[in-house]
Participant: 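For reference, the structure I am asking about is given below.
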Amino acid sequence: MSDLMARMGELCASGTVGDQLVALGLGSCIGLVLLDRRKGVAGLAHIVLPASEGHKELNPLKFADKAVPELIRQVTARGGRKPMFEAILVGGASMFAGAGSTLEVGVRNAAAVREALAKERIRIHAEDTGGTKGRTVRVDPATGIVTVRKAGSKDEQLYPALSKTSHTRVLQEVA
């Protein structure tokens, strides 16, 4: 088992059984997951800002408008099929809301990623964004399971959603 880290302005992708994709410390940043569960391939981008326009950064992958197409390219290069992609968004918090900031970088980041995905006709299947707490996201490409840990909390499975109906059925069968 190998942890592949997506640090700020980085992305990673894998189709290897046992690999896990991880983005730590998502505050206002967005962790964008692209999955092709049928092929067991996934990618994760740690997006810092909404748009590259007007910025002279050396790392274009910090920006949603550059990172989304590159993440699509890398997941496709590992065997993923774009029509089968499932997108999951994590992060986009307002880390400075208590300080009276009006920047709302997290909200703008989430909007920019949604817009970029809409242009590519990739549907968002799950999202854990907003609020004021940082998050960590982990992705298992082989199973397609995405977990999120908010600051001060335990890991929770975000995707695929756990069916409450089947859980109830099991409890009824036992009783």
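Everything numeric in this text was worked out from a predicted model, so none of it was measured.
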Participant: Check for me, please, whether L44 and I124 land in the same ILVMFWY cluster - side-chain distances under 4.5 Å, paths through other members count.
Facilitator: no
Participant: Look only at the side chain of N59 and the backbone of G9, and say whether a donor-acceptor pair between them is shorter than 3.5 Å.
Facilitator: yes
Participant: So among D65, V113, L11, which one has a side chain to side chain contact (heavy atoms under 4.5 Å, CB included) with I47?
Facilitator: V113
Participant: Got a sec: does the CD of E156 have more than 12 other heavy atoms crowding it under 6.0 Å?
Facilitator: no
Participant: Within the structure provided, determine whether S14 and P141 are in side-chain contact (heavy-atom separation under 4.5 Å).
Facilitator: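 When only atoms from C-beta onward are counted, P141 and S14 do touch, with a gap below 4.5 Å.
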Participant: In Å, rounded to the nearest 0.5 Å, how long is the span from CG of L89 to CG of D128?
Facilitator: 10.0 Å
Participant: Verify the cluster assignment for L21 and V68: are they in a single hydrophobic cluster under the rule of side-chain heavy atoms below 4.5 Å apart?
Facilitator: no
Participant: Can you see which heavy atom on V139 is nearest to which on A42, and at what distance?
Facilitator: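 Heavy atoms of V139 and A42 come nearest at CG1-CB, 3.9 Å.
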Participant: Can you hop from I30 to I88 via hydrophobic side chains spaced under 4.5 Å?
Facilitator: no
Participant: Using 0.5 Å steps for rounding, measure from the OG atom of S52 to the NZ atom of K62.
Facilitator: 12.0 Å
Participant: Test of understanding: with salt bridge (charged side-chain N to carboxylate O under 4.0 Å, His left out), list the residues that count as partners of R114, not counting sequence neighbours.
Facilitator: E127
Participant: Would you say that L32 contacts L117 through its side chain, given a criterion of any heavy-atom pair below 4.5 Å between the two side chains?
Facilitator: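 A side-chain contact under 4.5 Å exists here.
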Participant: Measuring only between side-chain heavy atoms, which start at C-beta, is P160 closer than 4.5 Å to R37?
Facilitator: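 Of all side-chain heavy-atom pairs linking R37 with P160, at least one is under 4.5 Å.
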Participant: Do the side chain of H46 and the main chain of A6 share a donor and acceptor less than 3.5 angstrom apart?
Facilitator: yes
Participant: Quick one: name the residues clustered hydrophobically with L24, using the 4.5 Å side-chain heavy-atom rule over I, L, V, M, F, W, Y, and just say none if it's on its own.
Facilitator: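 Taking Ile, Leu, Val, Met, Phe, Trp and Tyr as members, L24 shares its hydrophobic cluster with M5, V22.
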Participant: Closest approach of A126 and L158, non-hydrogen atoms and distance?
Facilitator: CB-CG, 4.1 Å
Participant: CG/L71 to CD/E120 distance, rounded to the nearest 0.5 angstrom?
Facilitator: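 L71 atom CG to E120 atom CD measures 10.5 Å (nearest 0.5 Å).
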Participant: Does a side-chain heavy-atom distance below 4.5 Å link R138 with T147?
Facilitator: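 Heavy-atom side-chain distance check passes, below 4.5 Å.
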Participant: Given Y159 and L35, is the side chain to side chain contact (heavy atoms under 4.5 Å, CB included) satisfied, shown in steps?
Facilitator: CA-CA 11 Å; Y159 191 77; L35 289 170; 3.9 Å; yes
Participant: If you take all heavy atoms of R135 and A93, which pair is closest and at what distance?
Facilitator: NH1-CB, 4.0 Å
Participant: Apart from M84 itself, which Ile, Leu, Val, Met, Phe, Trp or Tyr residues share its cluster (side-chain heavy atoms under 4.5 Å, direct or through members)?
Facilitator: none
Participant: Tell me, do L34 and I72 make a side-chain contact under 4.5 Å, heavy atoms counted?
Facilitator: yes
Participant: Under a 4.0 Å N-O cut-off, is there an ion pair linking R78 with D36?
Facilitator: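 Salt bridge absent between R78 and D36.
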Participant: With rounding to the nearest 0.5 angstrom, report the CG to CD distance, D140 to Q20.
Facilitator: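 One finds 6.5 Å between CG of D140 and CD of Q20.
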Participant: Return the NZ to CD distance between K66 and E53, rounded to the nearest 0.5 Å.
Facilitator: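 One finds 9.5 Å between NZ of K66 and CD of E53.
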Participant: Linking I/L/V/M/F/W/Y whenever any side-chain heavy atoms sit under 4.5 Å apart, do V48 and L61 land together?
Facilitator: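 Different hydrophobic clusters.
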Participant: Check for me, please, whether V146 and I122 land in the same ILVMFWY cluster - side-chain distances under 4.5 Å, paths through other members count.
Facilitator: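 Result: no, two separate clusters.
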Participant: What distance separates N109 CG from L49 CG, expressed to the nearest 0.5 Å?
Facilitator: 6.0 Å
